[in-house]
Amino acid sequence: GAVVSQHPSWVICKSGTSVKIECRSLDFQATTMFWYRQFPKQSLMLMATSNEGSKATYEQGVEKDKFLINHASLTLSTLTVTSAHPEDSSFYICSARNPTVLAKNIQYFGAGTRLSVL
Amino acid sequence: TQLLEQSPQFLSIQEGENLTVYCNSSSVFSSLQWYRQEPGEGPVLLVTVVTGGEVKKLKRLTFQFGDARKDSSLHITAAQPGDTGLYLCAGSLGWDGGTSYGKLTFGQGTILTVHP
């Protein structure tokens, strides 16, 4: 199956600093990747759709200046949480859609990044 | 309003029991996926269903897609402690020519705990 690598798996930072999370598709090219946020014991909440070579599409209520997304290549998307605050602490998960199975719209997920802002 | 209603949200059962998780919507999905997620990990794809009325089996897990492609169910037979986790259904609305394409709509999730 398709593999999506997410790094780091856990990060602790001070309030006011910025944190970058990387999402890589290892064995396929992903023109579209997705970033989710998940609170404990809850489902995934889509934050934005990351499109290779163009601007990300953000969901309603998600601050694009707060959560910067860059999809510079077909295998890498990054999410930067700028000026992080304790309320940004959460589990962030990326996914990539395998373009060879478009009809099924299958997304493969990274292992997630636990962000703790002190 | 939740587009994809998943129930129950919590399920605590004894080893050997059977269970069913449901996902219902008023929308028609082009495909629907079921994922299982363990704490601190990302969701892992279990199955994808695309045809109305489709039934897929994965060992003790049986997945069904409704005839109208608006609902789906996951049935686990003789549950084991290793089945414990968060189960998520996610539907794709398919091509609409707009920004919704490619997105998955997730249900609220079902936290399953199987006690030895």
Side-chain angles (χ1 to χ4, degrees), chain A residues 1-10 21 23-25 30-52 54-60 90-99 101-116, chain B residues 2-12 21 23 29-51 54 56 58 65 69 84-96 98-113:
Chain A
V3 178
V4 175
S5 173
Q6 189 172 340
H7 179 81
S9 57
W10 188 31
I21 303 170
C23 182
R24 295 180 185 273
S25 57
T31 55
T32 306
M33 292 185 176
F34 303 87
W35 287 96
Y36 297 85
R37 185 172 180 175
Q38 185 177 34
F39 293 102
K41 297 186 177 181
Q42 292 188 23
S43 188
L44 278 65
M45 181 177 68
L46 180 65
M47 298 174 65
T49 302
S50 173
N51 304 296
E52 189 270 335
S54 65
K55 291 183 180 180
T57 305
Y58 290 82
E59 295 300 298
Q60 191 172 13
S90 191
F91 194 55
Y92 293 89
I93 309 175
C94 71
S95 73
R97 189 175 69 207
N98 189 335
V101 285
L102 270 177
K104 295 183 180 180
N105 195 28
I106 295 174
Q107 292 184 22
Y108 296 94
F109 288 83
T113 297
R114 171 73 57 196
L115 171 63
S116 297
Chain B
Q2 186 74 20
L3 187 61
L4 195 54
E5 295 286 343
Q6 185 172 345
S7 62
Q9 282 190 267
F10 301 93
L11 204 49
S12 181
V21 179
C23 273
F29 293 104
S30 61
S31 67
L32 192 139
Q33 283 92 44
W34 284 91
Y35 294 87
R36 178 170 170 267
Q37 184 182 21
E38 297 198 37
E41 300 287 334
V44 175
L45 179 68
L46 295 175
V47 77
T48 298
V49 286
V50 296
T51 305
E54 184 175 4
K56 282 192 174 180
L58 185 65
F65 202 15
R69 290 186 285 131
T84 294
L86 173 65
Y87 289 82
L88 297 160
C89 63
S92 172
L93 292 173
W95 175 249
D96 69 347
T99 57
S100 293
Y101 180 63
K103 293 183 184 178
L104 287 179
T105 299
F106 279 86
Q108 299 97 321
T110 297
I111 298 176
L112 171 64
T113 305

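We name chains A, B, ... by the order of the sequence lines, and we start the count at 1 in each one. Note that the structure is predicted; figures quoted are calculated from it, not measured.
- When every heavy atom of B:Gly107 is checked against every heavy atom of A:Ser43, the shortest pair comes out as O-OG, 2.6 Å.
- Distance check, rounded to the nearest 0.5 Å: CZ of A:Phe109 to CG of B:Leu88 gives 8.0 Å.
- If you measure heavy-atom distances from A:Gln6 to chain B, you find no contacts under 4.5 Å at all.
- The minimum heavy-atom distance linking B:Lys103 with A:Thr49 is given by the pair CE-OG1, 4.2 Å.
- Each of A:Met45, A:Lys41, A:Arg114 has some count of heavy-atom pairs under 4.5 Å with chain B, and the biggest count is that of A:Lys41.
- When the candidates A:Ala111, A:Ser9, A:Gly112, A:Ser95 are compared by the number of heavy-atom contacts under 4.5 Å with chain B, A:Ala111 comes out ahead.
- Of the two parts of A:Ile93, only the side chain, counted from C-beta on, holds a non-hydrogen atom closer than 4.5 Å to a non-hydrogen atom of chain B.
- Considering only heavy-atom pairs separated by less than 4.5 Å from chain A, the leading option among B:Pro43, B:Gly42, B:Gly40, B:Pro39 is B:Pro43.
- Here the CD atom belonging to A:Gln38 is positioned 9.0 Å from the CZ atom belonging to B:Phe106, to the nearest 0.5 angstrom.
- If you measure heavy-atom distances from A:Gln42 to chain B, the contacts under 4.5 Å come from the backbone alone.
- Proximity to chain A is limited to the side chain of B:Gln37, based on heavy atoms less than 4.5 angstrom apart.
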